[in-house]
Engineer: 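Here's a structure for you.
These figures come from a predicted structure and were not determined experimentally.
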Amino acid sequence: MTDELPEKFPLTSMDVAAEKRDELRRVLATTFPEAVAEGKIDLDQLKRVLGEWVEPDRERFGLNWPGKAACMKVIQAPSVGTLKPVQKESVDWDTTQNLFIEGDNLEVLKLLQKAYFGKIKMIYIDPPYNTGGEFIYPDRFAENLDTYLTYTGQINDEGRRFSTNTESSGRFHTRWLNMMFPRIYLAKNLLREDGAIFISIGQDEVSNLLAVCKDVFGEENLVTICSRVMKTGGQKGVHFSPSVDYIIVMAKNIAELAPFREQISQNLIDKVYTKIAKDGPRVGKRYRSMGLYQAMLDQRANQRFYIECPDGQLVLPPGDSFPEAAAEGEQIKPGDGDGVWRWTYRRFAEEKREGNIEFLRSDKTSLITVDGSPASWNVYYKIWLDDRLEDGQLPGNILEKFESRHSSAELKALNIPFDFAKPSALIKYLMEIGGVREGDITLDFFAGSGSTGHAAMELSKETGKNRPFICVQLPEPTGEDSEERKAGFLNISSIARERLKRAAKSLSGRLVGHDVDLGFRAFELSASNFQIWNGDVEGLLPDDVSALQHRLDLHVEHVDLSVAKYDILYELILKDGFPLGTKVECLELAGKEVFSLAEGALLICLADTLSEEVIDAMADLEPSRVICLDAGFQGNDQLKANAVQTFKARARSRETAIEFRTV
């Protein structure tokens with residue numbers, strides 16, 4: 001027998017099971033953070049997320065409200081709408097990558113899921129602050145599209161409507177949370193792994209919104225809460241004059257989110273970067289000095305060594321340990337209380353060769369010589385302004401330069417009447433520190449007057465690099481006697497579109513030479529052009545054959561061919577997962593119009609009559625996917641079968657695959 005234990009016991013089956021449980025919990029917390037609270041898995045909520053309804057009956061930590069569980073039904077209900085192109089309201093339709101979408105943002109977010117899943121770098125939204133009656137919402141959340149179509153006059157009124165949220169309703173916070181939760185949930189899906197969402201909010205709902213964000217994103221992905229100074233001065237209020245609102249910042253995956261950086265201020269440059277190099281490779285450049293030894297540096301085994309000063313004196317940080325040989329670069333492992341340099345000797349030598357080391361005589365130094373007496377020198381390394389300008393500095397979370405009056409001024413300059421918009425400079429600043437680079441998409445689904453689109457265009461113009469945007473806004477009517485209505489704007493979405501047009505015109509005359517995308521493609525939410533099968537037999541009598549036959553008849557001609565072909569085209573583009581800004585080329589093949597996307601990867605033919613010649617012509621282009629109208633075959637099953645075989649044969653000859661389908 002021995003008292004010594006083995007270095008490591010072999011894992012038992014219980015140990016393995018525990019490790020697997022921990023790993024599963026980590027995966028679930030990352031994939032479904034809304035189903036995990038305080039490290040525990042809520043199985044009921046997990047089932048709801050996966051589409052299995054479970055009645056809420058148990059309490060758990062977190063924000064709960066009437067209707068929260070039912071929000072999962074709303075999220076998972078597919079949209080049966082489409083986004084109809086409106087070219088007459090667009091600018092530079094053929095070349096732009098920017099989008100402006102008029103419609104209910106919940107339905108639009110659903111429609112964007114396939115094409116934009118995991119592709120958005122940044123989301124900024126300025127949702128209603130819920131201060132009483134200032135936002136509209138559908139009475140029945142599960143019927144958003146029908147409610148919206150009724151609201152915009154696209155279908156007859158069936159009792160579905162939008163209402164304002166008033167404090168007298170008795171469900172004031174509940175309605176706001178039921179409105180926000182599904183939208184935040186769907187928005188998360190669209191973010192890239194290195195993306196972030198910025199949400200402006202007032203004090204009335206900031207705590208509730210923060211809880212929702214932690215629920216959806218996971219509390220570990222909270223970046224910060226910024227305070228924005230809305231105004232200074234004023235005597236509104238009882239105990240304090242309200243001067244700030246807030247911006248909640250959440251990462252999709254904080255481990256993938258790059259550090260935020262902002263430009264170094266001129267004030268910091270003037271105060272800190274005061275030295276100018278008199279010789280060396282960076283002569284004439286500004287820099288600041290930092291001590292190569294600092295008392296708070298952590299000890300490292302190879303960072304206590306001699307440095308030779310200009311007069312030959314050898315110095316090292318304070319302490320009681322000395323290298324055996326008195327020569328530059330000789331080192332010793334530091335003991336307790338010994339100081340160390342910031343770098344290893346190898347790094348020091350490299351920086352010295354580059355001219356980045358500075359020796360200054362001083363009678364106030366912590367450094368010592370070979371006999372332990374005070375040295376006559378201090379050793380510094382140079383921090384160059386040019387390098388720091390490129391790297392930037394860490395931003396603070398108090399934002400003082402973006403007061404609301406700045407927005408009023410910029411809208412006035414564009415002759416746009418609108419109150420309570422956020423300054424475009426604020427959103428441009430968030431894009432800059434958030435790392436939005438060329439080609440990165442910014443989404444705003446509470447677009448209001450279009451501040452985010454304006455900011456994206458301005459940043460693109462300043463840098464000469466395009467930052468595409470997607471703006472979504474409900475066509476909420478302006479007040480009957482409002483300044484907006486007097487100026488001819490019937491709804492808020494029309495204000496946003498016009499602002500983007502005027503902002504683009506204003507920017508086009510600035511910074512000549514920066515040829516960037518200042519246009520946008522306009523779309524509007526509408527009912528699908530395809531008849532959706534309704535399998536609900538509730539309400540039908542058992543022998544009500546005629547009603548069932550009517551439903552079947554609707555699907556004989558399930559495509560509404562009376563609408564413009566571009567309406568059907570863009571619905572198919574979106575359903576197939578192509579971005580709405582994808583370039584579309586119109587070809588004529590065998591006398592038929594064929595649309596080519598992504599340099600021929602997808603071909604769409606909406607002709608009402610097809611022939612072997614057009615099938616062969618499309619196959620000759622070697623596409624990856626082909627879509628045709630089923631009606632184009634006019635019931636000719638032999639022609640359809642030949643089309644399938646033609647595409648299969650071409651695919652085999654190229655050892656590739658061609659997906660052919662009809663709609």
Side-chain angles (χ1 to χ4, degrees), residues 258-396 433:
F260 288 175
R261 292 293 183 268
E262 68 175 355
Q263 290 183 352
I264 296 178
S265 67
Q266 189 61 47
N267 183 54
L268 182 64
I269 292 172
D270 294 339
K271 286 185 176 180
V272 176
Y273 292 88
T274 56
K275 297 184 176 182
I276 298 177
K278 297 179 180 179
D279 52 29
R282 296 201 186 190
V283 61
K285 299 294 185 180
R286 298 179 70 165
Y287 69 95
R288 62 180 295 196
S289 298
M290 185 70 70
L292 193 62
Y293 160 71
Q294 292 177 356
M296 73 285 296
L297 292 172
D298 293 333
Q299 285 190 349
R300 296 289 187 273
N302 56 352
Q303 289 179 207
R304 183 172 175 81
F305 52 86
Y306 281 129
I307 289 178
E308 183 176 347
C309 298
D311 64 354
Q313 186 180 75
L314 295 173
V315 299
L316 78 165
D320 298 324
S321 304
F322 295 86
E324 291 185 4
E328 178 167 29
E330 291 295 322
Q331 65 184 37
I332 188 170
K333 182 178 180 180
D336 291 343
D338 289 337
V340 295
W341 302 112
R342 176 175 292 274
W343 301 323
T344 63
Y345 180 71
R346 181 177 179 180
R347 170 75 183 277
F348 166 78
E350 291 174 355
E351 297 290 343
K352 186 178 180 181
R353 283 194 297 270
E354 295 294 327
N356 295 332
I357 299 298
E358 185 175 44
F359 296 92
L360 294 178
R361 282 190 177 276
S362 175
D363 57 1
K364 295 180 180 180
T365 176
S366 301
L367 304 182
I368 59 175
T369 64
V370 293
D371 60 3
S373 60
S376 304
W377 297 87
N378 271 327
V379 184
Y380 299 90
Y381 65 97
K382 300 175 182 178
I383 302 175
W384 297 97
L385 175 60
D386 286 350
D387 295 339
R388 287 296 177 263
L389 287 175
E390 184 175 343
D391 296 340
Q393 67 181 19
L394 194 66
I433 67 170

Engineer: Take Asn302 and Gln331, measure what side chain to side chain contact (heavy atoms under 4.5 Å, CB included) needs, and give me the verdict at the end.
Structural biologist: CA-CA 7 Å; Asn302 56 352; Gln331 65 184 37; 3.6 Å; yes
Engineer: Give me the ring orientation class for Tyr381 and Trp343: parallel if the planes are under 30° apart, tilted from 30 to 60°, perpendicular past 60°.
Structural biologist: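 Tilted: the ring planes of Tyr381 and Trp343 meet at 30° to 60°.
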Engineer: Report the distance from atom OH of Tyr380 to atom CD1 of Ile357, rounding to the nearest 0.5 Å.
Structural biologist: 12.5 Å
Engineer: Quick one: does Trp377's side chain have a donor or acceptor within less than 3.5 Å of a partner on Gln313's backbone?
Structural biologist: no
Engineer: Does a side chain donor of either Thr344 or Gln303 reach within less than 3.5 Å of an acceptor in the other side chain?
Structural biologist: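 No - no donor-acceptor pair under 3.5 Å links their side chains.
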Engineer: What are the two closest non-hydrogen atoms of Ser366 and Pro318, and how far apart are they?
Structural biologist: O-CD, 3.4 Å
Engineer: Val340 vs Phe305, test: side chain to side chain contact (heavy atoms under 4.5 Å, CB included). Steps then yes/no.
Structural biologist: CA-CA 8 Å; Val340 295; Phe305 52 86; over 6 Å; no
Engineer: Distance from Ser289 atom OG to Asn378 atom CG, nearest 0.5 Å?
Structural biologist: 10.5 Å
Engineer: Determine yes or no for a side-chain-to-main-chain donor-acceptor pair under 3.5 angstrom, with Asp338 supplying the side chain and Arg304 the backbone.
Structural biologist: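 No; judged by distance alone, with no hydrogens or angles, the pair does not exist.
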Engineer: Looking at Asp391 and Arg388, would you say the former's side chain and the latter's main chain have a donor-acceptor pair under 3.5 Å?
Structural biologist: no
Engineer: Counting the benzene-type ring for Trp, do Trp384 and Tyr273 have ring centres under 6.0 Å apart?
Structural biologist: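 No: the rings miss the under 6.0 Å criterion.
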Engineer: Between CZ of Arg347 and CG of Leu292, what distance do you get to the nearest 0.5 Å?
Structural biologist: 9.5 Å
Engineer: Go through the side-chain N and O atoms of Lys333 and Ser321 and say whether any donor and acceptor fall under 3.5 Å apart.
Structural biologist: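 Checked: Lys333/Ser321 side chains show no N/O donor-acceptor pair below 3.5 Å.
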Engineer: In the structure I gave you, are the side-chain heavy atoms of Val370 and Tyr306 within less than 4.5 Å of one another anywhere?
Structural biologist: yes
Engineer: Do Ser373 and Ile368 make a side-chain contact, defined as non-hydrogen atoms from C-beta onward lying under 4.5 Å apart?
Structural biologist: no
Engineer: With a 4.0 Å cut-off on N to O distance, would you call Asp311 and Arg361 a salt bridge?
Structural biologist: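 Looking at Arg361 together with Asp311, the answer is yes, because their closest N to O distance falls below 4.0 Å.
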Engineer: Quickly, which of Thr274, Ile383, Ile269 forms a side-chain contact (heavy atoms from CB on, under 4.5 Å) with Arg288? Name it, please.
Structural biologist: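 It is Ile383, the one option of Thr274, Ile383, Ile269 that forms the side-chain contact (heavy atoms from CB on, under 4.5 Å) with Arg288.
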Engineer: Kindly determine whether Lys278 and Val283 satisfy side chain to side chain contact (heavy atoms under 4.5 Å, CB included), including the steps that lead there.
Structural biologist: CA-CA 5 Å; Lys278 297 179 180 179; Val283 61; 5.6 Å; no
Engineer: Are Asp371 and Thr369 linked by a side-chain donor-acceptor pair shorter than 3.5 Å?
Structural biologist: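 The criterion, which ignores hydrogens and geometry beyond distance, is satisfied for Thr369 and Asp371.
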Engineer: Can Lys275 be said to sit on top of Tyr287's aromatic six-ring, NZ or CZ under 6.0 Å from centre and within 45° of the ring axis?
Structural biologist: no
Engineer: Hey, mind stepping through Val379 and Phe359 against side chain to side chain contact (heavy atoms under 4.5 Å, CB included) and telling me if it holds?
Structural biologist: CA-CA 5 Å; Val379 184; Phe359 296 92; 3.9 Å; yes
Engineer: Against Asn356, only a single residue in Glu350, Glu351, Lys382 fulfils side chain to side chain donor-acceptor pair (under 3.5 Å); can you say which?
Structural biologist: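 In the set Glu350, Glu351, Lys382, the residue that makes a side chain to side chain donor-acceptor pair (under 3.5 Å) with Asn356 is Glu351.
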Engineer: When rounded to the nearest 0.5 angstrom, what distance separates CG in Asp320 from CG in Asp336?
Structural biologist: 10.0 Å
Engineer: Count the heavy atoms belonging to other residues, nucleotides or ligands that lie under 6.0 Å from CG of Asp387, then report whether that count exceeds 12.
Structural biologist: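 Enclosed: over 12 neighbouring heavy atoms sit under 6.0 Å from CG of Asp387.
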Engineer: Looking at every non-hydrogen atom in both residues, tell me the closest pair between Trp341 and Val315 and how far apart they are.
Structural biologist: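 Minimum heavy-atom separation between Trp341 and Val315: CZ2-O, 3.7 Å.
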Engineer: Minimum heavy-atom separation for Glu354 to Pro281, with atom names?
Structural biologist: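 In terms of heavy atoms, the two residues are closest at O-CG, 3.5 Å.
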Engineer: Heavy-atom count check: over 12 atoms from other residues, nucleotides or ligands less than 6.0 Å from Gln263 CD?
Structural biologist: no
Engineer: Which value, rounded to the nearest 0.5 Å, describes the distance between Ile276 atom CD1 and Arg282 atom CZ?
Structural biologist: 14.5 Å
Engineer: Between the side chains of Tyr293 and Arg342, does any donor sit under 3.5 Å from an acceptor?
Structural biologist: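 No, no side-chain donor-acceptor pair sits under 3.5 Å.
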Engineer: Evaluate the side-chain proximity of Leu367 to Pro374: yes if any heavy-atom separation is below 4.5 Å, no if none is.
Structural biologist: no
Engineer: Tell me whether Gln393 contacts the main-chain N or O of Arg261 through its side chain, where contact means a donor paired with an acceptor under 3.5 Å.
Structural biologist: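 Checking the backbone N and O of Arg261 against the side chain of Gln393, no donor-acceptor pair under 3.5 Å is found.
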